[in-house]
Amino acid sequence: MLRMPPFTVLNPSTVDEAMEQMLAAAGEARWLAGGTDINPNLKHRLLEPQALIALEGVGELRGVSVNEKGWLRLGAMTTLTEVAEHAQIQAQWPALAQAASLVSGPQLRNMGTIGGNVMLDTRCQWYNQTHFWRKSLGYCMKKDGTECHVIKGGSKCVAAASNDTAPALMTLDAEIEIASGDGRARMPLAELWQADGIWNRKLSPQELLVAIHLPPTAAKHHGAYGKLRDRGSIDFPLFGIAVRLDLDDAGKIAHAALCAVALQARPWPLKKVADALCGTTPGEQDFLDAVEQVAALAAKQCRPMPNIPGDHEYRHAMVPVYTKRTLFAAAAKAGPVHHL
Amino acid sequence: MAARDQHGPGAPWGKDFHVVGHAQRKVDAMAKATGEAVYTDDIQLPGMLHAKMLRSPHAHARIVSIDTSKAEALPGVHAVLVGSELPIKYGVIPWTPDETALAVDKVRFIGDEVAAVAAVDEDTAQAAVELIEVEYEILDAILDPEQALVTPEPAIHEDRKRRDNISKHVDLSFGDVDAQVAEAAVVIEEDYEFSSNTHTAIEPHCAVAQLGADGRLTLWSATQITHYVHRAIARVLELHPARVRVVQPCLGGAFGGKSDPFSLEFVVSKLAMKTGRPVKMLWTREEVFYAHRGRHAMKMHYRTTATANGMITGVDAKLLIDGGSYSSFGLVTTYYSGQLLTGPYDFPNYRFDSTRVFTNKPPCGPKRGHGSVQPRFAFEVQLDEVAHRLGIDPIEIRRRNFLGDHTTTVNGQRITSNGFLECLDAVEKASGWKERHGKMPFGRGLGVAGSMYISGTNYPIYPNKMPQAGIQIKVDRSGLVTVFTGGNDIGQGSNSMVAYLVAEELGIRPRDVRVVAADTDLCPVDLGAYSSRVTFMVGNAAIDAARKLRKQITESVASHWATAPSEVRMINGVVIDLQDPDRTMSQREAFHLAEEAHDTLGSTGSYNTPTLGGDYRGGSIGASPAYSFTAHIAEVEVDPETGRITVDKVWVAHDCGRALNPTIVAGQIEGSTYMGAGEVVLEEHTMNRFGLHQGPSLLDYRIPTSLDTPDIEAHMVESIDPEGPYGAKEAGEGPLHSTIPAIANAVHDAVGIRLRTLPFHPSKVLRALAEQKPAQEVQA
Amino acid sequence: MRVFRLQVNGDPLDVAAPEHWSLLEVLRYRLGLTGSKQGCDKGDCGACTVLIDGTPTLACLALPATLEGKDITTIEGLRPLHQKAGGQGVDPVQDAFDRCGALQCGFCQPGMILSTKALLSDNPDPSRREIQDALAGNLCRCTGYTQIFQAVELVADEVAGREPRKPAWAQAREQEIAAASPKEEPFQPEHGGQA
Ligand SMILES: Cc1cc2nc3c(=O)[nH]c(=O)nc-3n(C[C@H](O)[C@H](O)[C@H](O)COP(=O)(O)OP(=O)(O)OC[C@H]3O[C@@H](n4cnc5c(N)ncnc54)[C@H](O)[C@@H]3O)c2cc1C
Ligand code: FES
Ligand code: FES
């Protein structure tokens with residue numbers, strides 16, 4: 001079988017203990033959640049830590065709850081199956097439940113966690129390969145090499161954020177609770193990302209995501225997630241888009257947000273879409289016009305590159321199609337948008 | 001004498017079958033369902049070492065030097081092996097031995113095997129592999145078959161008679177195709193392209209070898225051709241074949257992907273000899289992609305001429321076949337690419353010109369429907385084009401051109417039973433074709449296609465006059481019957497088939513038959529699981545052997561009861577006197593009587609094909625004792641906005657002769673159809689610009705999941721072949737072929753585009769739709 | 001090397017293995033439970049599916065160090081568990097897979113059967129689409145899935161006491177497929193008998 005590099009596994013039971021172990025390892029340890037991303041990456045020798053700190057036994061990282069102010073708290077170790085099947089999430093934060101339901105296949109959703117999904121390593125067809133494979137090419141910039149095979153002469157790694165739940169969380173204004181050597185902190189998820197495919201987060205690998213907090217959604221919140229992929233299961237997104245539409249009492253859109261994924265290093269919030277959508281009424285002509293406008297904006301703002309597998313021109317052609325379909329699904333309180 | 005001369009397709013006892021045709025359990029299903037079945041990687045031997053392979057990172061290079069000293073010095077390493085230690089060439093086809101266990105002086109694709117290490121565990125073996133230092137001199141790599149055709153240098157194989165990169169060329173002509181053009185009411189001439197795809201059995205290749213203290217080498221391998229592996233091992237390791245035993249444990253799928261001798265089989269054997277310890281090598285999924293032997297990419301040019309009534313007058317084909325880096329079955333592939341197209345329709349004139357070239361890519365070989373799936377796609381799409389041009393219903397044009405049964409094809413293949421018309425009827429009716437074809441809204445369509453395939457071939461790979469399949473039967477005093485067969489059960493159920501046939505013939509229940517298979521020390525030779533030959537050949541041999549035994553048993557019982565042998569009947573393990581039905585005995589008592597009368601009971605049976613094939617060079621390649629026939633109708637939905645093709649439903653009717661176990665036959669039909677559907681919409685085995693496999697994993701090479709598989713409705717047409725075992729023919733490969741063109745033709749019905757390049761990625765659909773639009777506007 | 005205290009098929013087991021080995025390697029090569037198969041070793045195929053506290057999980061991506069205290073069920077555990085619960089022969093899912101022809105090469109089947117077990121324990125009467133969804137992480141290359149779906153439906157039909165659904169070809173043959181003769185031969189040790 002594939003060989004993992006040798007490591008030890010630590011099993012802390014509290015966040016404090018976990019942090020102590022992480023600091024003691026002096027940069028040589030990584031967090032292990034469901035292991036569905038890090039283990040294949042270890043088997044590909046994309047990293048060789050001396051220790052994995054298993055979050056499995058840390059109670060504080062578990063659980064889904066809604067506080068008295070209506071905020072949703074997702075412990076980082078909540079599995080994607082739990083997120084996808086949670087009735088209240090389906091009702092109040094539907095784009096998130098839908099996105100989680102389309103990650104990979106059933107076993108991986110049982111294992112994979114929401115924390116691991118947010119912290120997912122970026123992906124690229126020149127990177128997510130075995131050591132032998134990468135070595136045959138003289139490696140790439142993201143790991144062990146200097147060249148980028150996606151963009152000849154490129155100076156920046158363009159591996160793609162490929163986490164399905166990230167765009168949904170972005171449109172829902174998620175905040176993340178972080179533990180580090182300096183204690184706890186909370187920040188908007190939108191501020192987490194940086195445009196570097198080698199490491200697309202502003203947090204170091206030693207910082208711990210404890211929980212994700214989502215503000216309550218409006219009474220007339222509509223959300224949906226659309227995912228382009230080849231098969232009905234298992235595959236990562238070739239393009240993903242989350243839509244949020246909040247309606248006022250009159251049924252007009254009062255707030256709108258769209259965020260895409262599987263393009264480049266960061267999840268990609270679409271600009272100027274609220275301007276187009278706000279004030280229109282789903283079901284009416286003005287909304288239809290706005291949808292066309294947003295689809296055109298999306299096609300302009302989302303430029304798939306040949307980083308992940310699949311024909312990138314085709315992925316680009318699908319940007320407006322999936323954007324539209326997901327907008328319509330959200331308006332109709334339907335979704336997810338998936339080819340099945 | 002061969003079985004075909006002795007028994008017909010009828011039931012052995014009276015007019016009804018008691019086992020065959022009825023629902024039966026498989027002999028090995030419960031072992032598989034409970035985890036008890038032992039596959040190759042499940043074997044653990046005391047003191048066993050683990051081996052890993054070093055592979056070439058270059059597509060084409062000369063090996064200047066190999067330094068293994070650091071690897072050998074690593075604690076836990078027992079042996080390092082390089083190519084010069086196993087220099088003898090092999091290849092499954094004896095005329096084209098161009099492989100060595102490990103590269104001797106050259107590497108020919110990225111992933112080619114270079115060296116191997118045996119160590120105490122896989123971790124150590126892998127670490128040692130990474131310590132081997134190889135110096136390469138890089139050569140120009142040829143990745144494009146068109147380039148290979150016109151580029152003799154550098155020759156990928158240098159020590160052949162011809163100094164070029166042509167692996168095989170076949171040019172055969174029957175009648176005069178060119179003369180038809182002038183008189184034809186319609187001439188359709190188009191290019192078609194089939195890209196490569198691969199078997200993707202879920203079990204990766206694995207082999208374990210042990211050199212016994214008695215000096216005998218045993219090799220357990222995930223192979224579908226034990227006999228050829230046996231021969232190859234003896235030759236390459238320079239061992240007397242009587243000291244080599246090859247065993248195929250339970251096999252986790254093959255589809256043609258395990259029908260060559262593979263590097264790891266020689267390597268573990270040699271390492272076991274070098275170390276005196278058992279050695280196992282398990283390939284990773286990535287390595288399986290490099291081993292490949294999958295479907296050849298083909299560029300195909302077809303020209304069909306027809307009369308105004310839609311009668312085909314000539315078919316002219318020119319094919320360029322991308323063989324990858326080694327010959328494998330390439331000689332046969334090249335013939336099959338033309339020889340197997342001459343049914344189920346009558347071609348009065350036919351020509352094909354096929355050229356297989358070498359390229360610096362993983363070697364292609366036989367994948368389910370070897371060599372004939374690609375031309376079948378091209379031709380069945382072209383036939384649809386002919387039908388459209390002439391305004392003839394696509395099913396009707398296929399009926400009109402029907403070849404018939406008990407006839408001969410234009411290239412001299414003898415056809416026996418032929419249920420193709422019934423296949424067409426069955427799918428036409430089940431699909432509601434008449435009411436729906438051509439009448440559904442834009443985006444939804446139905447398409448039809450037909451095909452034929454061989455049930456084994458009379459070409460035995462290495463020339464010999466011995467039987468192609470043999471069976472031995474042993475009878476125990478307990479009442480158990482043990483059958484020994486060299487046949488390889490690769491999941492298709494051939495061991496169960498043997499049990500059913502022996503049980504039917506002896507009038508006992510299948511559970512009283514034990515099958516011992518695919519062990520060269522214990523079992524008589526069968527050539528292996530390829531060319532859809534096992535049911536036909538091993539089945540006939542099994543009936544042959546069991547019938548001899550039956551004679552001994554019934555005679556013994558008859559003499560005991562003082563009646564005629566014809567009055568003795570065995571059904572489900574009970575022996576009855578037909579004159580006095582109250583007089584019965586158990587099979588066990590009958591066996592005892594027979595053993596008293598005849599001494600220790602045992603029997604052998606065999607099968608060999610009759611002399612078949614056209615009287616010309618290559619005329620026996622593709623000549624089969626019987627052909628299966630298939631018709632498919634596919635219903636697709638095409639999303640004009642995304643270009644995605646969804647295959648909603650496939651109706652498939654297959655003429656399998658007698659369905660020995662209908663459940664198993666249905667499984668073969670469905671599995672074939674599913675695999676074909678995957679080849680249309682998803683699967684593509686491609687190399688990137690470096691010659692490196694684009695995505696050698698089950699994530700990036702996308703085989704259909706449970707959500708992607710079409711709804712498949714299988715129908716069986718039982719034409720009852722006069723020479724098949726109880727009238728059976730093949731079911732394992734034929735039903736793949738016409739899946740692909742049926743889907744292509746359905747896409748045309750749905751949205752009016754002709755796709756001629758596989759796979760049908762949505763981007764191609766969108767492009768074709770965009771091109772079609774202006775054309776329509778012009779028409780309007 | 002670390003000693004893991006694992007609970008496998010009801011047995012508490014102390015097993016020493018390198019820490020970087022996956023659960024799959026420990027099951028197969030340390031405990032001899034080779035029923036769990038390996039088709040990719042990185043999460044792409046589902047052949048290694050086991051149940052962890054009843055939930056389908058990929059053993060090739062699970063590390064034993066995170067599984068202490070959890071209940072691991074492999075394919076080898078199914079028949080004993082069924083018999084412990086008073087059942088006869090093999091688990092009805094295993095039986096149905098054979099009767100419907102769902103076991104060809106069998107390599108995907110331990111995983112497939114365990115995913116089916118988990119599905120049916122949550123949802124004893126799933127729709128075709130629910131079956132497809134539940135098995136969408138288990139690749140099968142032999143069957144085209146059709147007979148697998150039929151096997152799951154057969155179990156559901158029998159639990160519900162319904163007439164089993166039959167594929168078109170079986171209806172056409174007017175012959176019982178699933179409920180036919182094999183049912184009369186349960187997989188039990190036989191004493192005496194006819195042979
Ligand atoms: C075949 C296959 C298909 C897949 N398909 C998809 C898909 O379609 N969509 C998709 O989004 N993903 C997909 N994935 C990836 C993965 O399964 C999911 O993203 C999953 O959510 C990852 O979570 P995990 O708990 O397993 O992460 P892990 O692998 O445990 O961790 C992932 C990374 O996050 C870090 N990490 C984990 N938890 C924390 C934390 N609490 N704080 C800080 N850092 C942390 C780890 O150190 C590691 O670097 C697929 C994976 C496979 C193998
Ligand atoms: S072996 Fe675990 S998913 Fe393939
Ligand atoms: S039965 Fe062979 S892979 Fe499923």
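Keep in mind that what you see is a predicted model, and the values were worked out from it rather than measured. Lettering follows sequence order; numbering is per chain, from 1.
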Would you find a donor on one side and an acceptor on the other, under 3.5 Å apart, between the side chain of [X] and the backbone of [Y]?
| X | Y | answer |
| --- | --- | --- |
| A/N11 | C/A65 | yes |
| C/E19 | A/V9 | yes |
| A/N110 | C/T55 | no |

Close side-chain approach of C/C60 and A/K43, heavy atoms under 4.5 Å: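 Yes, close enough: below the 4.5 Å cut-off.
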First locate atom [atom1] of [X], then atom [atom2] of [Y], and finally report the distance between them rounded to the nearest 0.5 Å.
| X | Y | atom1 | atom2 | answer |
| --- | --- | --- | --- | --- |
| A/L55 | C/T66 | CG | OG1 | 10.5 Å |
| C/H20 | A/L42 | NE2 | CG | 10.5 Å |
| C/K42 | A/N128 | NZ | CG | 8.5 Å |
| A/Q107 | C/L114 | CD | CG | 10.0 Å |
| C/W21 | A/M1 | CH2 | CE | 9.0 Å |
| C/L58 | A/L108 | CG | CG | 5.0 Å |

What part of [X] lies closer than 4.5 angstrom to a heavy atom of chain A: side chain, backbone, both or neither?
| X | value |
| --- | --- |
| C/A134 | backbone |
| C/F4 | neither |
| C/C40 | backbone |
| C/I52 | neither |
| C/D44 | backbone |
| C/T49 | side chain |

Taking every non-hydrogen atom, the tightest pair across C/L61 and A/N39: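 Here C/L61 and A/N39 meet closest at O-ND2, 2.7 Å.
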Can you name the closest pair of heavy atoms from C/A136 and A/S233 and give their distance?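 Heavy atoms only, the tightest pair is O-OG, 2.9 Å.
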Interchain contact, A/L32 with chain C, by part (heavy-atom threshold 4.5 Å):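 Side chain of A/L32 only, per the 4.5 Å heavy-atom cut-off to chain C.
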With a 4.5 angstrom heavy-atom cut-off, could you sort out which part of A/M4 is near chain C: side chain, backbone, both or neither?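 Its backbone and side chain both get close to chain C.
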